[in-house]
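Each remark here refers to the structure printed beneath this line.
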Amino acid sequence: MHWADVVAVNLSRRAGKHIISTGITPSGEFHIGHLREILTGEMISRAAIDAGLDVEFIFIVDDADPLRRVYPFLDEEYDKFIGHQIGNIPAPDANGKPDYERFSSDGFSYADYFLNPFLDALRAIGVNPRIVKNLAAYRSGKFTDCIKTACDNADKIREIIERVSGRELPTNWFPYSPIDTNGCLFGVTVTGYEYPLVHYTDANGRKCSSDITHGHGKLPWRIDWPAKWAWIGVTCEAFGKDHGASGGSYDTGKEICQLFGYDAPQPLVYEWISLKGKGAMSSSTGNTIGPMEALDLVPPEILRFLIAGSKPNKAIEFDAGMSLVNLADEYERSCARNLADELNDESISRRRKVQLEDLMGAVRLSSIEHNSITDSSNVSFRHLALLAQTKTNDEQVWQSLALDETNPPSDILIDRLKKMRTWISSPHFPAEMRVRVINQPPLELISELSNDDKSVLTNLTKMLETCDWDADSIAACIVDSAKSIDKSPRIAYSVAYMCLMGSKKGPKLAPIIAELGKQEVIEQFSRCLDSII
RNA sequence: GGGCCUGUAGCUUAGUCAGGUAGAGCGACGGACUCUUAAUCCGUCGGUCGCGGGUUCGAACCCCGUCAGGCCCGCCA
């Protein structure tokens with residue numbers, strides 16, 4: 001059974017409505033690591049819906065969190081906003097300076113600046129969660145009951161965190177952080193509590209009070225999280241391994257949640273996505289591929305397939321090079337198979353059956369539209385990469401695929417080709433996929449040629465001299481050059497690839513030769529022949 | 001220091017909860033096809049399951065130890 005279906009089965013033991021939750025702090029550029037958070041939750045939602053449950057999928061935006069430091073992409077001016085809630089400070093402009101004008105005119109915040117493009121990417125990928133903004137929830141009083149419970153039970157919460165996480169909290173620790181009169185969360189020390197007021201001193205030592213029912217503050221993360229479970233009614237949440245480690249915030253949250261009179265949601269811990277050969281993804285070091293950048297290169301269903309096809313506890317190494325080709329082609333191959341039929345075959349082993357079920361689940365959860373037919377383009381990535389490189393305009397590509405007005409290319413295929421062209425012109429496109437023609441004899445390869453190979457090459461060169469310069473005629477020449485000495489056309493293709501591209505294999509050759517021009521090809525073949533002798 | 005996760009074929013991995021002949025996909029190799037030759041089809045090769053002990057009739061799986069990588073024990077999410 002697919003991992004998302006396993007979670008759905010577990011959820012079905014709990015009656016009533018299910019709320020599957022995800023959450024991210026928009027403190028900087030989003031990257032595809034964040035996509036795993038969202039997609040893991042979304043796929044559980046789909047599986048739960050398929051299992052007949054009443055399900056809502058939500059995305060909590062943690063815009064009540066403070067700006068922690070001036071990130072490299074920010075101007076020094078942001079220094080004064082450190083400790084301020086990111087949903088309550090201006091977004092950076094093109095130069096990284098705070099855009100006060102926009103913030104005061106339409107309230108466009110730092111959090112919105114990073115969140116909005118991510119939401120666009122989510123739509124493109126078929127994810128449409130209900131958005132819950134944390135800051136607004138605090139301000140509208142959604143957290144009030146939980147804040148009161150937390151303040152009333154400060155000692156119990158302290159005990160839970162100290163026992164479960166094994167760390168000692170400072171003596172002045174308090175389970176609620178008010179913002180000071182400037183809106184800063186840092187440097188504030190709570191000195192007393194008399195409902196509904198908390199008394200505190202700010203960074204400058206001034207004594208102030210804050211009414212906890214007004215939402216001018218924030219619960220620390222380890223309390224904020226279970227409080228959200230309680231007021232929203234979250235029944236399942238997928239979260240990263242950082243939260244999932246024992247003694248981590250899920251463990252403490254599970255117990256704190258009980259104080260709010262609520263049972264913790266079903267957890268699912270997922271691993272990080274890293275960039276192949278570059279380690280973990282990090283916004284601050286620039287070691288990221290943003291979801292938007294990824295979507296320019298990778299068809300959304302393939303991105304879904306990446307997540308759906310790996311068990312959540314497996315680390316994913318993403319790279320936009322050869323792995324992407326393999327991933328995309330695996331998706332296409334899987335779509336082309338009739339997995340249901342294969343599964344019905346009584347003779348397959350139990351093991352095989354499990355594998356087929358998992359694959360079928362992964363394909364099912366990869367379609368952009370829930371339970372639509374698969375988003376297959378029916379053309380392999382490899383083949384499309386080749387066509388996109390050898391055909392300058394799209395019409396020629398469609399022609400080559402035998403598509404015309406009566407049988408037009410699908411929207412998916414049109415989108416794929418567009419992305420393929422972007423990918424080809426990007427630095428991510430792998431060198432081994434690039435069609436490149438050489439003009440020097442590849443001496444090392446040629447030295448291995450047999451006598452048959454040499455005769456075929458001689459024949460081919462001669463035949464091409466009198467050949468009509470179109471793909472069909474050239475293809476015939478290639479075949480005949482081998483046939484004329486009773487050899488497989490394979491030999492002819494192989495020597496031609498070696499001489500023209502320096503490899504033993506390659507993309508469909510005749511159209512490429514046709515585009516190269518007769519003189520160029522014959523000269524290169526001749527140079528190769530000369531260097532053999 | 002304490003805890004958690006991961007380690008299985010060249011690569012990606014299933015199988016570990018419930019011990020019972022190590023299974024796939026890709027790649028590689030071989031073959032077929034007068035041939036969309038980076039396609040398709042058929043076939044073959046490939047594994048001391050990180051390492052060492054233990055329990056057991058039997059261990060990838062359970063137990064102990066050990067090595068490697070990652071993570072948590074922050075007002076971080």
Side-chain angles (χ1 to χ4, degrees), chain A residues 6 23-27 33-34 37 60 62 65-66 68-69 83 161-162 164-170 173-177 184-189 218-225 239-252 269-272 274 279-280 309-317 322-323 325-327 329-330 332-334 336 348-359 379-387 389 400-402 432-433 435 471 475-476 478-480 482-483 488-494 496-497 501 503-511:
Chain A
V6 173
I24 300 173
T25 304
S27 57
H34 293 120
E37 159 91 21
I60 299 172
D62 287 320
D65 291 349
R68 291 173 52 221
R69 58 196 171 90
I161 293 178
E162 292 195 326
V164 176
S165 77
R167 84 175 211 254
E168 204 172 316
L169 295 172
W173 180 89
F174 193 72
Y176 177 73
S177 312
C184 183
L185 280 161
F186 292 173
V188 171
T189 306
K218 185 184 179 301
L219 293 164
W221 164 249
R222 279 178 185 263
I223 304 159
D224 174 274
W225 201 22
F239 46 87
K241 60 174 175 179
D242 46 353
H243 301 310
S246 101
S249 50
Y250 180 78
D251 273 4
T252 50
V269 179
Y270 62 84
E271 253 283 357
W272 302 129
S274 59
S310 320
K311 292 176 58 155
N313 68 349
K314 286 282 176 188
I316 293 178
E317 279 199 8
M322 273 320 283
S323 310
V325 180
N326 293 330
L327 179 74
D329 281 348
E330 193 192 339
E332 289 297 337
R333 270 194 305 270
S334 306
I348 59 171
S349 67
R350 194 178 59 85
R351 214 169 239 160
R352 185 87 191 112
K353 203 169 169 165
V354 168
Q355 280 170 351
L356 281 170
E357 273 177 5
D358 285 353
L359 183 59
V379 178
S380 81
F381 233 54
R382 285 192 149 78
H383 193 49
L384 194 62
L386 158 69
L387 292 175
Q389 287 179 92
S400 164
L401 292 167
E432 59 183 289
M433 291 284 290
V435 175
I478 297 172
V479 171
D480 289 345
K483 290 279 161 184
S488 163
R490 168 189 290 269
I491 294 182
Y493 277 104
S494 166
Y497 283 122
M501 310 179 108
S503 59
K504 292 181 181 173
K505 280 187 170 183
K508 197 181 176 192
L509 194 55

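A/W221 and A/W225 have parallel rings, their planes meeting at less than 30° on a 0 to 90° scale where 60° marks the start of perpendicular.
Between A/I223 and A/Y176 the shortest side-chain heavy-atom distance does not fall below 4.5 Å. Counting heavy atoms from C-beta outward, A/K353 and A/L356 have side chains that stay 4.5 Å or more apart. Between A/W173 and A/P170 there is a side-chain heavy-atom pair separated by less than 4.5 Å.
Taking a pair as Watson-Crick or G-U wobble with both distances under 3.5 Å, RNA chain B forms stems of 3 or more consecutive pairs at B:1-7 with B:67-73, B:10-13 with B:23-26, B:28-32 with B:40-44, B:50-54 with B:62-66.
When atom types are taken as modelled, the side chain of A/Q389 and the backbone of A/A385 share a donor-acceptor pair closer than 3.5 angstrom. The backbone N or O of A/F381 sits less than 3.5 Å from a side-chain atom of A/D329, completing a donor-acceptor pair. Using modelled atom types, no side-chain atom of A/E168 and backbone atom of A/E162 make a donor-acceptor pair closer than 3.5 Å.
Nearest heavy atom pair, residue A/N313 against residue A/E271, reads O-CG, 3.3 Å. Across all non-hydrogen atoms, the minimal contact from A/I161 to A/T252 is CA-CG2, 4.0 Å. Nearest heavy-atom pair across A/R382 and A/M322 is NH2-CE, 3.6 Å. Across all non-hydrogen atoms, the minimal contact from A/L509 to A/A496 is CD2-CB, 3.4 Å.
Comparing B/U6 with B/U44, their P atoms sit 34 Å apart, to the nearest whole Å. When the C1' atom is used for both B/G27 and B/U12, the distance is 11 Å, rounded to whole Å. Between B/C63 and B/G10, the two P atoms lie 28 Å apart (nearest whole Å). Across B/C5 and B/G50, the matching C1' atoms stand 16 Å from one another, rounded to whole Å. Using C1' as the reference atom, B/C17 and B/C26 are 29 Å apart when rounded to the nearest Å. Rounded to a whole angstrom, the distance from the C1' atom of B/A9 to that of B/G15 is 15 Å. For the C1' atom pair drawn from B/A60 and B/C42, the interatomic distance equals 32 Å after rounding to whole Å. The separation of B/U55 from B/C64, taken at their P atoms, amounts to 15 Å, rounded to a whole angstrom.
Candidate nucleotides B/A32, B/G15, B/A77 were compared by shortest atom distance to the side chain of A/K311, and B/G15 ranks first. In this structure, of B/A24, B/U6, B/A32, it is B/U6 that holds the atom nearest to the side chain of A/K314. Taking the side chain of A/N313 as heavy atoms from C-beta on, and the options B/C71, B/U6, B/A77, the nearest nucleotide is B/U6. Of all nucleotides listed (B/A77, B/A32, B/U34), B/A32 comes nearest to the side chain of A/R490.
Note on A/D480: nothing from the nucleic acid sits closer than 4.0 angstrom, heavy atoms only. The residue A/D62 sits close only to the backbone: its heavy atoms come under 4.0 Å of sugar-phosphate atoms, none of a base. Within the 4.0 angstrom heavy-atom criterion, base atoms lie near A/F186. Within the 4.0 angstrom heavy-atom criterion, base atoms lie near A/D242.
A straight line from CG of A/L327 to P of B/G25 spans 17 Å, rounded to a whole angstrom. Put simply, CG on A/D358 is 18 Å from P on B/G23, counting in whole angstrom units. Between A/E357 atom CD and B/G23 atom P the separation is 19 Å, expressed in whole Å. The CG-C1' distance, from A/L359 to B/U12, rounds to 13 Å in whole Å. Computed from coordinates, the A/D329 CG to B/C11 C1' distance equals 15 Å when rounded to whole Å. Between A/E271 atom CD and B/C4 atom C1' the separation is 11 Å, expressed in whole Å. Atom pair A/I316:CD1 and B/G70:C1' shows a separation of 15 Å (rounding to whole Å applied). Rounded to whole Å, the distance from CG on A/D251 to C1' on B/C5 is 13 Å.
A residue-by-residue look at A/R352 and A/L386 shows that A/R352 has its nearest nucleotide of RNA chain B further toward the 5' end. Both A/V479 and A/A315 lie near RNA chain B, and the one whose nearest nucleotide falls closer to the 5' end is A/A315.
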Polar atoms only, N or O, under 3.5 Å: list the protein pairs with nucleotides 1-3 of chain B and their distances.
unit_1 : atom_1 : unit_2 : atom_2 : d
B/G3   : O2'    : A/S246 : OG     : 2.3

Report all interatomic pairs (protein N or O, nucleotide N or O of nucleotides 39-45 of chain B) with separations under 3.5 Å.
none

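Here A/N326 does not reach the OP1 or OP2 of B/C11: none of its side-chain N or O atoms lies under 4.0 Å away.
For A/Y250, the side chain to side chain donor-acceptor pair (under 3.5 Å) test picks out no residue, with sequence neighbours left out. Taking A/D65 as the reference, A/K218 meet the salt bridge (Lys or Arg N to Asp or Glu O under 4.0 Å) condition, with sequence neighbours excluded. A/R222 pairs by the salt bridge (Lys or Arg N to Asp or Glu O under 4.0 Å) definition with nothing, not counting sequence neighbours.
The base of B/G23 lies close enough to the side chain of A/Q355 for a donor and an acceptor atom to sit less than 3.5 Å apart.
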